[in-house]
Amino acid sequence: MPSRYIDLHILQDLPASCLNRGQYDEPKTLEIGNTCRAAISSQCLKRTDRLEIEDLLDEPAARTRTIPPRVSAALRNAGWPDDLATFAAIQIARCATSEGLATDPQNGHRTLAMLYAPTTGLIENLAALCQHHRPALEQGHTAAQTQAAARRTATHLPAAEVVAALTGRTATINLFGRFLAGSTDSHVAGAVQMAWAFTTHTADSQPDFFTAVEDWAEPGEHGSAHMNTAFLSAGVFYRYATVNLTELTHNLGGDQPRALALLGLFTETFLMALPSGKNTATAPHTVPDLVHYVVRDRCPVSYASAFHRPVQAAPGGGYLAPSRQALSEHAARLDQLIGTHRRTAHGHATADDTPVDHLGTHHHTFTDLITTLTETAARPARTTP
């Protein structure tokens, strides 16, 4: 069976904001088509969607290095001696993979690699496992104090039970995947691919000089208590993600109805969730101007090349209409170039009253779009060569 992909294309106007900043505390940018574009990294967008879905489903998960020190703290709170609690936590890391995970002794034995695991009951279950095997841990700790080799290589917990606790899954793990070297049990192929968002037109960071006034100034005292310059960006952003429905269904043990429900939830989240950087100072809470989906077999297709040449502002100003036009024309060119025989369905919804050519069925609401998308995503693959 060919892989089934659902491509999601979004045009969204974002006002002055700083949703994703770089190392110099300025909004991230990319150079595309030899011009500077405001940008938001895929990592930033993906984390936003992941946290939103976890909150909606009440299925928290964490990417963390702190599982050993958290287990150690739980054991100390239960009355364990410090050295035995630390030894037990190290055993958690040692059992996590076939080679064991290295830890940082100077930082509470945090693992050097990040783990991605469901958090509900995780620390409690690992602490209970240590409690159940406390005699073996005490014997191992005593031996490790006198045998350097044992301290380096021996394990004193059942590795399979530790791995089982660390390799549970949530909806977001099934969506975004997970990888940990040395642990085949933890590997989950990601079903979502997400691109950097970037402006369809030339856009650079804009300085914002600001001051903070002293509210309790002394009589005759003038001036500001604080001065600084922040940087903001604004523009029409193109956002793209694709979901491999075949892989997602596989990750869910073949449960297609559940995969379709999760596809719908991800689509809604991808449409509406935005990173929270500098939100209190900019409140950039817009919604997409245009959402376009394509259900394809075998090969996902990004429309990023539609904006390799930056769009120019409309005669009356603004980049939304030219961006819609550029996306429409690019979709038409690709339909002609690669054909439509592997396209099962496509459609769009837009804030503009006029349907956009070459983007399939016109939906009047995002709800209608998502419902139709999930229904058509399950249609049998076409057999046209």
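Note that the structure is predicted; figures quoted are calculated from it, not measured.
Atom CZ of Phe209 has more than 12 neighbouring heavy atoms from other residues, nucleotides or ligands inside a 6.0 Å radius. Environment of NE2 in His358: crowded, with over 12 heavy atoms of neighbouring residues, nucleotides or ligands closer than 6.0 Å. Under a cut-off of 6.0 angstrom, the local environment of CZ in Arg21 is crowded, with over 12 non-hydrogen atoms contributed by other residues, nucleotides or ligands.
A 4.5 Å side-chain heavy-atom check between Phe176 and Lys46 finds at least one atom pair inside the cut-off. Residues Gln91 and Cys130 have side chains not in contact (no heavy-atom distance under 4.5 Å, counting atoms from C-beta outward). Using a 4.5 Å heavy-atom threshold, the side chains of Glu138 and Leu84 count as touching. Two residues are said to be in side-chain contact when any heavy atoms from C-beta on lie closer than 4.5 Å; Asp208 and Thr229 fail this criterion. Leu180 is not listed as a side-chain neighbour of His187, based on a closest heavy-atom distance of 4.5 Å or more. For the pair Phe210 and Asn228, the minimum side-chain heavy-atom distance is below 4.5 Å. For the pair Glu26/Ser205, a side-chain contact is recorded, criterion being any heavy-atom separation below 4.5 Å from C-beta on. The closest side-chain heavy-atom distance from Leu57 to Ile53 is below 4.5 Å.
A donor-acceptor pair under 3.5 Å links the side-chain atoms of Glu59 to the main chain of Ala171, judged by distance alone. Judged purely by atom type and a 3.5 angstrom limit, Ser323 has no side-chain atom pairing as donor or acceptor with the backbone of Thr200. Judged purely by atom type and a 3.5 angstrom limit, Ser224 has no side-chain atom pairing as donor or acceptor with the backbone of Met227. Checking side-chain atoms of Arg134 against main-chain N and O of Trp80 turns up no donor-acceptor pair under 3.5 Å. Ser17 places no side-chain N or O within donor-acceptor distance of the main-chain N or O of Leu14, the cut-off being under 3.5 Å. Asp55 places no side-chain N or O within donor-acceptor distance of the main-chain N or O of Leu51, the cut-off being under 3.5 Å. Formation of a donor-acceptor pair under 3.5 Å by the Thr374 side chain with backbone atoms of Ile370 is found in this model. Between the side chain of Asn107 and the backbone N or O of Arg110, no donor-acceptor pair lies under 3.5 Å. Using modelled atom types, one side-chain atom of Thr48 and one backbone atom of Cys44 make a donor-acceptor pair closer than 3.5 Å. A donor-acceptor contact shorter than 3.5 Å links the side chain of Arg4 to the backbone of Ala377.
Between Tyr303 and His330, the angle of the ring planes goes over 60°, which puts this pair in the perpendicular group of the 30/60° scheme. Relative orientation of the Tyr238 and His9 rings is parallel, given thresholds of 30° and 60° on the angle between their planes. Between His364 and His362, the ring planes are perpendicular. Angles over 60° get that label, and only those under 30° would be called parallel.
Residues Leu359 and Val294 share a single hydrophobic cluster, defined by chaining ILVMFWY side chains whose heavy atoms lie under 4.5 Å apart. Val163 and Leu122 are members of different hydrophobic clusters when ILVMFWY side chains are connected at heavy-atom separations under 4.5 Å. Under the 4.5 Å side-chain contact rule for hydrophobic residues, Val188 and Leu265 do not share a cluster. Criterion: ILVMFWY side-chain heavy atoms under 4.5 Å apart, direct or through other members. Under it, Phe179 and Val192 are not part of a common hydrophobic cluster. Two different hydrophobic clusters hold Met114 and Leu175 under the rule that ILVMFWY side chains link at heavy-atom gaps under 4.5 Å.
Closest of all the heavy-atom pairs between Thr111 and Pro68 is CG2-CG, 3.8 Å. Looking at every heavy atom in both residues, Gly168 comes nearest to Ile173 through O-CD1, 3.7 Å. Between Asp49 and Phe266, the shortest heavy-atom contact is OD2-CE1, 4.1 Å. The minimum heavy-atom distance between Leu166 and Ala96, with the atom names listed, is CD1-CB, 3.7 Å. For Pro322 against Ala314, the heavy-atom pair with the smallest separation is CG-N, 3.7 Å. Across Ala349 and Thr365, no two heavy atoms sit closer than the pair CB-O, 4.3 Å.
Of the N and O atoms on the side chains of His141 and Asp83, at least one donor lies less than 3.5 Å from an acceptor on the other residue. No donor-acceptor contact under 3.5 angstrom links the side chains of Tyr116 and Thr170, judged on distance only. No hydrogens or angles considered: a donor-acceptor pair under 3.5 Å links the side chains of Tyr240 and Asp7. In this structure, a donor-acceptor pair under 3.5 Å is present between the side chains of Glu54 and Thr172. Looking only at atom types and distance, the side chain of Ser3 has no donor-acceptor partner in the side chain of Thr246 under 3.5 Å away.
Annotation: cation-pi geometry satisfied between Arg239 and Phe270 (NZ/CZ under 6.0 angstrom from ring centroid, within 45° of ring axis).
Using a cutoff of 4.0 Å between basic side-chain nitrogens and carboxylate oxygens, Arg343 and Asp297 are not scored as salt-bridged.
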Show, in sequence, the C-alpha distance, side-chain angles and deciding distance for Leu126 and Gln131, and conclude whether the side chain to side chain contact (heavy atoms under 4.5 Å, CB included) test is met. CA-CA 9 Å; Leu126 288 172; Gln131 185 70 51; over 6 Å; no
Any chance you could lay out the side chain to side chain donor-acceptor pair (under 3.5 Å) test for Asn20 and Ser41, step after step, and finish with the verdict? CA-CA 7 Å; Asn20 185 204; Ser41 75; 3.1 Å; yes
Determine, stepwise, if the pair Ser72 / Arg76 fulfils side chain to side chain donor-acceptor pair (under 3.5 Å). CA-CA 6 Å; Ser72 178; Arg76 287 196 301 271; 2.6 Å; yes
Decide side chain to side chain donor-acceptor pair (under 3.5 Å) for Gln256 and Thr249; before the verdict, give the C-alpha distance in whole Å, the side-chain angles of both, and the deciding distance to 0.1 Å. CA-CA 6 Å; Gln256 189 180 71; Thr249 304; 5.2 Å; no
Between Thr286 and Gln12, is the side chain to side chain donor-acceptor pair (under 3.5 Å) condition met? List the steps. CA-CA 8 Å; Thr286 61; Gln12 185 163 359; 3.2 Å; yes
Candidate pair His201 and Phe307, rule ring pair (Phe, Tyr, Trp, His ring centres under 6.0 Å), full reasoning: CA-CA 7 Å; His201 50 87; Phe307 310 107; 9.6 Å; no
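Atom CD1 of residue Ile40 and atom CE of residue Met194 lie 11.5 Å apart, to the nearest 0.5 angstrom. Here CG of Leu290 is found 5.0 Å from CG of Leu11. Values are rounded to the nearest 0.5 Å. With rounding to the nearest 0.5 angstrom, the NE2 atom of His292 is 6.5 Å from the CG atom of Leu327. Distance check: Arg70 CZ to Thr119 OG1 gives 9.5 Å after rounding to the nearest 0.5 Å. We find the CG-OG1 distance between Leu369 and Thr361 to be 9.5 Å, quoted to the nearest 0.5 Å. Taking CD1 from Ile123 and CD1 from Ile92, the interatomic distance works out to 8.5 Å, rounded to the nearest 0.5 Å.
Screening residues 275-285 for side chain to side chain donor-acceptor pair (under 3.5 Å) gives no qualifying pairs among residues at least two apart or on separate chains.
The salt bridge (Lys or Arg N to Asp or Glu O under 4.0 Å) search around Asp185 returns none, not counting sequence neighbours. Taking the salt bridge (Lys or Arg N to Asp or Glu O under 4.0 Å) definition, one finds that Arg37 meets it with nothing, sequence neighbours left out.
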